[in-house]
Structures are given as C-alpha cells and as structure tokens.
**Student:** 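Shown below is the structure under consideration.
What's counted below: heavy atoms across the whole structure, side chains too, no hydrogens, waters or symmetry copies. Chain letters run A, B, ... following the sequence lines, proteins first and then strands; every chain starts at 1.
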2 protein chains.
Amino acid sequence: MTARLSPGAQPPPATLPAGGDGLRSSLHDRGQRLTPQRQRVLALFERIGEGSHLGAEEVHQRLLRSEERVSLATVYRTLRLLSSMGLLQELELPEGGRRFELASDAHRDHHHLVCVRCGRTEEFENSAVLQAGERAAGGYGFRLLECVLNVRALCPSCAAAE
Amino acid sequence: MTARLSPGAQPPPATLPAGGDGLRSSLHDRGQRLTPQRQRVLALFERIGEGSHLGAEEVHQRLLRSEERVSLATVYRTLRLLSSMGLLQELELPEGGRRFELASDAHRDHHHLVCVRCGRTEEFENSAVLQAGERAAGGYGFRLLECVLNVRALCPSCAAAE
DNA sequence: ATTCATGCAAATTTTTTGCATGTTC
DNA sequence: GAACATGCAAAAAATTTGCATGAAT
C-alpha cells in the first residue's frame with residue numbers, strides 16, 4: 001500500500017559520496033568514528049536512492065545479502081546516529097516499524113499529494129510552504145532542517161466513485 | 001514478513017461528532033458494534049482536543065485514571081479500527097511507538113514543528129499552507145481532505161548541544 | 001440467538017542494553 | 001593506549017493473537 005512510486009528516474013545524488021570523507025568529518029566533529037559498518041549502512045541508502053525507505057530489519061537483511069554483515073543491534077544504533085546527524089531521515093508513514101530514507105538536500109521542500117483511497121501520489125513544490133515552515137521554526141527558535149507537506153485527498157476517479 | 005492489511009479501503013473521513021450517533025452508525029455500516037470501550041477511546045481523543053496525540057499505552061493509562069478501564073489489547077484494536085474509519089489519524093514522531101490524534105475536517109491545516117533530536121513538538125497554523133495544499137489539489141483535480149505540514153528541525157537546546 | 005467484542009495471558013515483533021572483545025584515532 | 005564501536009545474547013518495549021467469556025443487535 002506504499003504508493004511512493006519512483007519511476008525509473010533517479011535524480012543524481014549530486015551530494016557527497018557518503019562512503020567518503022563527508023561522513024568521516026561529520027563523525028569526527030562529534031568525536032565519533034568512521035567504521036565500515038557506518039559506511040555500509042549509509043552506502044546502502046545511497047544505492048537505493050532518495051525516494052526509497054527501509055526499516056532496520058531490511059537494512060540488516062540487505063547488507064547480509066551483499067556480504068556486508070552488520071549486526072542488527074548496530075544497524076539500529078547506526079540508523080539513529082545517521083538520523084541525528086541529518087544524513088538519514090525518519091519517515092512519517094507508520095507501517096510497521098520505523099523507516100528511514102536518505103535525507104534530501106538541505107532545506108529542500110518536497111510535498112506529497114496523496115489519494116487516501118487508491119494511494120495515487122503526486123509530488124509538488126511550493127515555496128510558500130517553505131516560507132511557512134521557516135516562519136514557524138523561527139518563531140519557536142528552532143533551526144529548520146526540512147519541511148514536508150502532506151496533502152491527503154481524493155483523486156478524481158476515487159472522488160467520483162464515492 | 002507480516003501481512004499487515006488494514007481492513008479495506010475506507011470511506012472519506014466522517015464528519016460527525018463522534019461520541020454520539022456518528023460513531024454508532026459508522027460502525028453499523030461496517031457491521032460492527034458500538035461498545036463502551038470504543039466510545040471511551042474516541043471520547044478521550046475528543047477531550048484532549050485536536051492538536052494532541054497519544055500512544056496506545058497512554059490511552060490505556062489515561063482511561064484507567066478516569067475510571068474507564070479498557071484493556072490494552074482492546075486499546076490497540078480500537079486505535080486501529082478508529083483509524084481505519086478515518087476518525088483518528090496515525091502519525092509518527094521520532095521517539096516511541098505509534099501515535100494517534102483526532103482526525104478532523106474542521107482542523108484541516110494544523111502543522112507540526114518537531115525537534116528531530118529530542119522529539120519536542122509544537123503545533124502551529126498557517127493559512128498559506130492550506131492555500132498551497134488547495135492549489136496543489138486543485139491542480140491535479142484532487143479533492144482535498146486534509147493537509148499537514150511537518151517541519152523537522154532542531155529545538156534551541158538541541159541545536160546548542162550539537 | 002447470533003454475531004461480534006472484550007479481557008487476559010501468551011506469543012510475536014521491534015528496539016534497546018550490558019558487557020567482553022575488536023577497531024579507530 | 002585510550003576511547004569508542006561492534007557483536008552477541010539477554011532484556012525491555014511495543015504490538016498482535018488465541019480463546020473463553022460477556023455484550024450488542
């Protein structure tokens with residue numbers, strides 16, 4: 001029922017290759033270390049692309065399949081770490097456990113229009129939304145990382161079927 | 001892997017005041033029954049208001065405190081039911097389990113500002129966001145039900161701690 | 001009377017943690 | 001070498017389920 005279709009077009013990452021030094025220095029800034037496990041987890045998310053999300057168990061399984069064993073406990077620890085570093089982000093859709101995806105570029109705002117009946121999803125952008133997010137964050141003294149607008153709606157054919 | 005099927009596609013969110021007959025007939029339409037437990041759970045969400053969310057354990061505890069015992073298992077079953085009926089809406093914030101809040105037509109745009117580090121949550125409103133949602137929905141011919149903006153951010157103290 | 005819902009406890013699933021060992025800086 | 005991270009297994013949460021009993025229609 002997860003209707004986030006990412007048709008073939010996978011936008012080029014355009015960001016730093018994570019297995020590399022971006023991760024290393026981000027970690028070092030926090031007094032933490034670059035380990036193969038952390039690289040593997042992040043690299044996996046980069047491999048699957050920006051639109052797709054994985055849960056802890058899936059990350060563990062997929063790494064096993066590619067001969068890059070990382071214990072499940074470490075997967076959990078790493079997901080939380082990368083997430084708190086802003087490299088991954090946790091999803092809003094609670095289908096089972098928590099799920100994560102590669103964090104999009106800083107401050108980018110991408111929004112979803114989703115039909116609650118059939119799951120059809122359209123993406124759109126709107127700078128007014130980002131502004132609203134910035135205003136809200138500013139008002140509470142928060143530092144904005146990202147804002148996502150979810151519009152729940154009925155698509156034309158589902159609306160007709162009602 | 002678990003088959004996590006919600007009980008079928010649901011009708012558009014109910015518009016009715018829930019404690020009363022709206023709930024009864026919504027249930028009956030589905031061949032299900034009005035029970036004190038279901039009323040209690042829904043009434044609790046109405047009592048705390050539209051902006052606030054609760055997890056299963058919290059619902060259970062709060063009902064205990066108000067002398068309205070509902071077993072935890074039933075709380076889980078009821079949350080899922082009310083959610084699939086469109087009376088509650090599920091959301092997921094950083095820490096803890098799944099959380100639910102009252103789904104309301106009246107409150108179509110209420111937004112969350114969430115600290116991704118400590119989970120602190122602030123609610124805000126912004127009509128520009130609703131307009132953006134309406135414009136997007138209109139552009140694709142969708143009928144808008146609700147729009148929720150989630151702003152991921154760092155609260156002042158967490159930002160300082162980084 | 002029939003069908004559905006509840007409560008309880010046990011079973012599952014998901015996530016966290018203690019600790020000995022191995023790694024990174 | 002010191003501090004940190006990993007793996008493992010056990011513990012703790014979170015959620016679901018089987019079944020006998022109780023309630024709603």
**Student:** Output the rounded distance in Å from CZ (A/Arg80) to C1' (C/dT16).
**Tutor:**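 Those two atoms, CZ and C1', are 7 Å apart.
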**Student:** Between atom CD in A/Gln39 and atom P in D/dT6, what is the gap in whole Å?
**Tutor:**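 Those two atoms, CD and P, are 11 Å apart.
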**Student:** Taking the nucleotide of DNA chain D with the nearest heavy atom to each, does A/Thr78 or B/Leu72 sit closer to the 5' end?
**Tutor:**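 Here A/Thr78 is the residue nearer the 5' end.
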**Student:** State the CG-CG distance between A/Leu149 and B/Asn150, to the nearest 0.5 angstrom.
**Tutor:**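 Those atoms lie 9.0 Å apart.
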**Student:** Could you check whether B/Gly55 gets within reach of a base, just the sugar-phosphate, or nothing at all, counting any heavy atom under 4.0 Å?
**Tutor:**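 Nothing, no heavy atom under 4.0 Å.
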**Student:** Using whole Å, report how far CG of B/Leu64 lies from C1' of C/dC8.
**Tutor:**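 To the nearest whole Å, that distance equals 14 Å.
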**Student:** Would you mind reading off the distance between B/Gln32 atom CD and C/dT2 atom C1', rounded to a whole angstrom?
**Tutor:**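 Whole-Å distance recorded here is 16 Å.
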**Student:** Ignoring backbone atoms, establish whether B/Thr35 has a side-chain N or O less than 4.0 Å from OP1 or OP2 of C/dC4.
**Tutor:**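 So the side chain of B/Thr35 is outside the cut-off, no N or O lying under 4.0 Å from OP1 or OP2 of C/dC4.
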**Student:** Can a side chain N or O of A/Ser71 be found less than 4.0 Å away from OP1 or OP2 on D/dT6?
**Tutor:**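 Result: no.
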**Student:** Rounded to whole Å, how long is the line connecting atom CZ of B/Arg33 with atom C1' of C/dA5?
**Tutor:**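 Taking atom C1' of C/dA5 as the reference, CZ of B/Arg33 is at 8 Å.
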**Student:** Side chains of B/His111 and B/Glu123 only: does a donor on one sit below 3.5 Å from an acceptor on the other?
**Tutor:**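 Checked: B/His111/B/Glu123 side chains show no N/O donor-acceptor pair below 3.5 Å.
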**Student:** Would you check if the side chain of B/Thr74 reaches a backbone N or O of B/Val70 as a donor-acceptor pair within less than 3.5 Å?
**Tutor:**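 Checking the backbone N and O of B/Val70 against the side chain of B/Thr74, no donor-acceptor pair under 3.5 Å is found.
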**Student:** Just N and O in the side chain of A/Tyr76: are any of them under 4.0 Å from OP1 or OP2 of C/dT15?
**Tutor:**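 So the side chain of A/Tyr76 is within the cut-off, an N or O lying under 4.0 Å from OP1 or OP2 of C/dT15.
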**Student:** Going by atom types alone, do A/Arg30 and A/Ser84 pair a side-chain donor with an acceptor below 3.5 Å?
**Tutor:**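 Yes - a donor-acceptor pair under 3.5 Å links their side chains.
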**Student:** Check this for me: does the side-chain of A/Arg98 come within 3.5 Å of the base of C/dT15 through a donor and an acceptor?
**Tutor:**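 It does not, because no donor-acceptor pair links the side chain of A/Arg98 to the base of C/dT15 below 3.5 Å.
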**Student:** Side-chain donor or acceptor of A/Arg77 under 3.5 Å from a matching atom on the base of D/dA5?
**Tutor:**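 Per atom types, no contact qualifies.
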**Student:** Would you say A/Arg69 reaches D/dC8's phosphate, i.e. side-chain N/O to OP1/OP2 under 4.0 Å?
**Tutor:**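 Yes, within the criterion.
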**Student:** Could you tell me how far apart B/His60 (NE2) and D/dA14 (P) are, to the nearest whole angstrom?
**Tutor:**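 From B/His60 NE2 to D/dA14 P: 14 Å.
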**Student:** Could you state the CZ-C1' distance from B/Arg99 to D/dT15, rounded to the nearest angstrom?
**Tutor:**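 Spelled out: CZ on B/Arg99 to C1' on D/dT15 is 15 Å.
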**Student:** Base, sugar-phosphate or nothing for B/Glu57? Non-hydrogen atoms, less than 4.0 Å.
**Tutor:**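 B/Glu57: no heavy atom of the nucleic acid under 4.0 Å.
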**Student:** Nearest-nucleotide wise, let me know which of B/Gly31 and B/Arg40 is further upstream toward the 5' end of DNA chain C.
**Tutor:**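 Nearer the 5' end of the strand: B/Gly31.
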**Student:** Base, sugar-phosphate, or nothing: which does B/Arg38 touch, judged by heavy atoms less than 4.0 Å apart?
**Tutor:**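 Here B/Arg38 touches the backbone only, sparing every base.
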**Student:** Per the salt bridge (Lys or Arg N to Asp or Glu O under 4.0 Å) rule, which among B/Glu58, B/Glu90, B/Glu57 passes with B/Arg98?
**Tutor:**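 The passing option is B/Glu90.
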**Student:** Identify, between B/His28 and B/Ala56, the residue whose nearest nucleotide on DNA chain D lies closer to the 5' end.
**Tutor:**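 This one resolves to B/Ala56.
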**Student:** A/Leu42 CG to D/dA5 P: how many Å, rounded?
**Tutor:**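 From A/Leu42 CG to D/dA5 P: 16 Å.
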